[in-house]
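Down below is the structure, laid out as structure tokens.
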Amino acid sequence: MERLDRLEAVQSMLLEIGQLSTSCSDITAFIEAVHRALGRIMYAANFYVALADREDGTVRFPYFVDEADGTRDPNERITLASPEQSPTAWVLLNRQTLVLTAADFHERLRNSGRWGDGSVPEHFVACPLLDQNHQALGAIVIQSYSPDETYSAEDQALFALIANHVSNALQGLQSMDRLERAVQERTAALAHEVAERGRAEKVQHALYQIADLSAQALDTDALSASLHGIIGELMVADNFLIALYHPDTQEISIPYFVDQKDSAPPLQRFPFGKAMCSYVLSSKQAQLHDLGSFRQLVANGIVAEPLGSTEIASWMGAPMLVHEKPYGVLVVQSYDPAIVYTKADLDLLAFMASHVAVAIARMQADRRIRKAKQELEQQNAALNDALHALQEAQSELVRQEKLASLGRLVAGVAHEINTPLGICVTATSHLVQELKLTREELAAGEMTEESLATFFDVVDQSLRIMTTNTQRAAALVRSFKQVAVDQSSGDIRSFNLDAYLREVLLSLQPKLKGRPVKVDVDCPKDLVLDSYPGAVSQIVTNMVMNSLVHGFERDQPGNITVRAAVEEDGWVVLDYADDGAGMDKDTLDKLFDPFFTTKRGTGGSGLGAHILYNLVTGALGGTVRVESAPGEGLRYHLRFPQSQRKSER
């Protein structure tokens with residue numbers, strides 16, 4: 001009869017486990033109910049369940065009741081021990097039931113030195129909780145510390161049956177638990193996303209408003225009040241001020257000030273260096289302080305002469321900068337301990353300050369442009385009148401200059417040719433006179449051999465004089481017909497190339513200063529050129545400047561090498577190379593084209609390489625070849641005569 005009652009109790013317990021698995025959503029509450037039901041069919045004063053996490057190799061005890069070892073934190077995760085060190089780990093890893101007596105415990109302790117962390121029980125029964133894939137979900141354990149309370153084979157079989165039903169129920173509960181956690185996490189994430197999106201929309205709206213303000217011709221008071229309202233929509237800004245920096249006078253002014261304690265700023269204008277505004281501008285960093293840190297800045301002398309009330313609860317200041325150029329500071333502060341600004345508030349204020357700085361810079365630029373436009377319109381009106389008069393005067397001057405130039409040209413030609421022509425006229429007149437006298441002497445029959453020889457000498461001398469002077473006149477005419485073009489970049493002189501290259505690089509030192517670019521020169525110490533040093537200087541200067549502007553970013557380290565050598569035929573080879581950005585084939589093909597530049601609008605004229613090419617091929621009488629590829633730098637190969645004097649001969 002007792003056996004029948006027990007079987008009915010077991011059946012009732014299994015039904016209860018099934019009902020609990022569908023009605024209970026909390027794993028701990030479910031296991032606690034299982035424990036109460038188990039206590040009705042067998043001794044269960046010491047009972048616990050361990051659940052395993054296969055992803056991180058940990059185990060936790062959501063339910064733990066023990067007479068000797070008390071309780072455990074249900075949320076604590078413990079690294080799973082080896083099966084040789086823990087009976088619970090043995091059950092989990094082997095996925096088998098384990099039944100031990102006190103003697104078994106002591107035997108294992110003698111062999112391994114450790115067998116579990118708790119007290120030694122009199123009787124220990126542990127069954128694995130397996131899922132449908134026969135993987136261990138955990139372990140369910142029942143134990144006794146009394147020799148009078150042990151577990152029979154029937155108890156162990158019933159406990160294993162109950163463990164199987166608990167396993168089925170736990171699978172559903174864990175799936176539900178994971179689903180609920182996922183829903184909760186997703187809900188929290190969505191709530192955060194909605195909040196962030198709302199905040200982002202407010203920030204975006206504020207930026208639109210600031211951009212709109214910069215396009216309006218507002219006075220300072222209206223602009224400042226509008227900015228206060230915009231920032232007040234994003235954070236608590238009951239105490240707000242705008243400070244503007246004046247670089248020409250090194251002063252700070254306060255055009256806008258709203259404060260709960262002071263009706264007006266202590267000073268409307270003060271020298272740069274006073275107050276927190278100066279500290280923020282000097283650091284160029286947004287600052288967040290409470291009363292303690294604020295007083296520490298003053299005590300350490302970092303902030304000189306603080307202005308206004310110092311009884312603050314929280315203080316923020318953000319510099320208004322555009323490309324490191326300071327325009328002023330935005331300050332928000334709180335006297336209420338309940339209103340304390342966070343790092344997120346500081347980042348938002350700094351973000352807004354940067355946009356306000358751009359708006360102020362744009363407004364200042366617009367005002368300067370309008371003023372300049374008015375001045376230009378006035379100047380243009382005066383210039384138009386002057387230009388009209390100038391054009392009339394210019395036309396007259398051009399006409400007169402043409403006549404004057406023609407007159408000077410004719411006068412020059414006449415002056416230069418007059419002398420040889422005058423000599424020729426004199427020689428011709430003398431020859432005519434001598435010819436007349438000779439004819440008269442011949443007609444009178446007085447011609448002698450001596451007088452005839454004298455006449456021939458006069459003819460010969462006169463013809464030589466005329467020939468020499470007519471050739472001189474012809475050469476002068478040819479010289480006037482030539483167009484003089486200076487093909488050199490200065491005068492030819494002898495100079496040491498190595499020393500001259502170093503002088504050129506020394507003159508470029510202001511451009512190289514502060515740039516992590518190393519220039520190396522490899523040139524024979526005794527290499528002397530008879531050439532145009534001005535052309536060499538401009539060529540090297542253009543190559544170095546092109547590397548600095550196009551090859552390397554401002555703080556990019558790099559190397560430039562200049563190597564020179566003399567070939568056997570008396571030609572000099574000058575190789576220049578940098579390890580900068582290089583260029584693609586399309587850009588390389590246009591390198592020497594005039595006015596081609598990749599830096600249009602930032603100072604590039606597009607003439608540097610073109611002038612370089614003309615100097616090498618023209619003044620130096622040589623050739624130039626260039627090689628490059630993206631990321632492989634740029635290399636020039638120059639060849640020109642060592643002596644221009646030889647080439648001129």
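These values consider heavy atoms only, across backbone and side chains, with no hydrogens, waters or symmetry-generated copies.
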Exercise. Quick one: does Asn546's side chain get under 4.5 Å of Tyr636's, heavy atoms only?
Worked result: yes

Exercise. Does a side-chain N-to-carboxylate-O contact under 4.0 Å join Asp575 and Arg563?
Worked result: no

Problem set entry | Spacing of Ser263 atom OG and Phe257 atom CZ [to the nearest 0.5 Å] | 8.0 Å

Problem set entry | Trace of the side-chain hydrogen bond (donor to acceptor under 3.5 Å, both in side chains) decision for Ser253 with Tyr245 | CA-CA 7 Å; Ser253 65; Tyr245 175 64; over 6 Å; no

For this session: Starting at OG1 of Thr617, measure out to CZ of Phe592 and round the result to the nearest 0.5 Å.
Result: 9.5 Å

Exercise. Would you say Leu267 and Ile254 make side-chain contact, with heavy atoms under 4.5 Å?
Worked result: no

Problem set entry | Under 3.5 Å donor-acceptor, Asp290 side chain and Gly292 backbone | yes

Problem set entry | Tyr613 atom OH: more than 12 heavy-atom contacts under 6.0 Å | no

Problem set entry | Considering all heavy atoms, the nearest Pro271-Ser278 contact | O-OG, 4.3 Å

Seminar exercise, completed: Note: Ala564 and Pro524 closest approach over all heavy atoms is O-CD, 3.1 Å

For this session: Measure the spacing between CG of Leu281 and CD1 of Ile252 and express it to the nearest 0.5 Å.
Result: 5.0 Å

For this session: Mark yes or no for whether Ser537, through its side chain, and Pro533, through its backbone, hold a donor-acceptor pair below 3.5 Å.
Result: no

Exercise. Between CG of Asp345 and CG of Leu234, what distance do you get to the nearest 0.5 Å?
Worked result: 10.0 Å

Exercise. Does any N or O in the side chain of Asp262 come within less than 3.5 Å of the main-chain N or O of Pro265, such that one atom is a donor and the other an acceptor?
Worked result: no

Exercise. Rounded to the nearest 0.5 Å, how far apart are CE of Met545 and NE2 of His550?
Worked result: 9.0 Å

For this session: Could you tell me whether the side chain of Ser314 and the main chain of Val340 form a donor-acceptor pair under 3.5 Å?
Result: no

Problem set entry | Under 3.5 Å: donor-acceptor pair, side chain of His388, backbone of Leu383 | no

Exercise. With a 4.0 Å cut-off, would you call Lys261 and Glu311 a salt bridge?
Worked result: no

Problem set entry | Side chains of Gln644 and Asp530, donor plus acceptor under 3.5 Å | no

Exercise. Can you name the nearest heavy-atom pair linking Leu349 to Met235, along with the distance?
Worked result: N-CE, 4.1 Å

Throw together a table of side-chain donor-acceptor distances under 3.5 angstrom for residues 620-635, partners on residues two or more places apart or in other chains.
| residue | atom | partner | partner atom | Å |
| --- | --- | --- | --- | --- |
| Ser628 | OG | Met583 | N | 3.0 |
| Ser628 | OG | Gly633 | O | 2.7 |
| Arg635 | NH1 | Glu632 | O | 3.0 |

Exercise. Rounded to the nearest 0.5 Å, how far does CD of Gln538 lie from OG1 of Thr541?
Worked result: 7.5 Å

Problem set entry | Neighbour count >12 (heavy atoms, 6.0 Å) for atom CD, Glu567 | yes

Exercise. Regarding His610 and Asn614, is there a side-chain donor-to-acceptor distance under 3.5 Å anywhere?
Worked result: yes

Problem set entry | Minimum-distance pair of heavy atoms, taken over all atoms of Ala609 and Leu591 | CB-O, 3.3 Å

Problem set entry | Flag side-chain contact, heavy atom, 4.5 Å: Val521 against Asp498 | yes

Exercise. Checking Ser293 side chain against His289 main chain: does a donor-acceptor pair fall under 3.5 Å?
Worked result: no

Exercise. Are the side chain of Asn496 and the backbone N or O of Lys525 linked by a donor-acceptor pair below 3.5 Å?
Worked result: yes

Problem set entry | Close side-chain approach of Glu251 and Phe270, heavy atoms under 4.5 Å | no

For this session: State, with a plain yes or no, whether a side-chain heavy atom of Ile560 is found less than 4.5 Å away from one of Phe552.
Result: yes

Exercise. Does Asn380 offer a backbone N or O that forms a donor-acceptor pair with the side chain of Asn384 under 3.5 Å?
Worked result: yes

Exercise. With a 4.5 Å heavy-atom cut-off, do Met316 and Gln287 have their side chains touching?
Worked result: no

For this session: Just do the side chain to side chain contact (heavy atoms under 4.5 Å, CB included) check on Val517 and Asn559 with the steps written out, would you?
Result: CA-CA 5 Å; Val517 177; Asn559 294 283; over 6 Å; no

Between side-chain atoms of residues 325-335 and protein atoms elsewhere (two or more places apart, or another chain), which donor-acceptor pairs fall under 3.5 Å?
| residue | atom | partner | partner atom | Å |
| --- | --- | --- | --- | --- |
| Gln333 | OE1 | Trp315 | NE1 | 3.4 |
| Gln333 | NE2 | Asp259 | OD1 | 3.1 |
| Gln333 | NE2 | Tyr335 | OH | 2.8 |
| Ser334 | OG | Asp336 | N | 3.1 |
| Ser334 | OG | Asp336 | O | 3.1 |
| Ser334 | OG | Ile339 | O | 2.9 |
| Tyr335 | OH | Asp259 | OD1 | 2.9 |
| Tyr335 | OH | Asp259 | OD2 | 3.1 |

For this session: For the pair Lys590 and Asp586, find out whether any cationic side-chain nitrogen is under 4.0 Å from an anionic carboxylate oxygen.
Result: no

Problem set entry | Donor-acceptor contact present, side-chain Glu375 to main-chain Ala372, <3.5 Å | no

Problem set entry | Test item: His246 and Thr249 side chains (from C-beta on) under 4.5 Å apart, heavy atoms | yes

Problem set entry | Closest approach of Pro255 to Ala243 (non-hydrogen atoms, all atoms of both residues) | CD-CA, 4.4 Å

Seminar exercise, completed: In short, Gly232 meets Ala237 closest at the heavy-atom pair CA-CB, 4.1 Å

Exercise. Taking side chain as C-beta onward, heavy atoms only, is Leu638 less than 4.5 Å from Ile539?
Worked result: yes

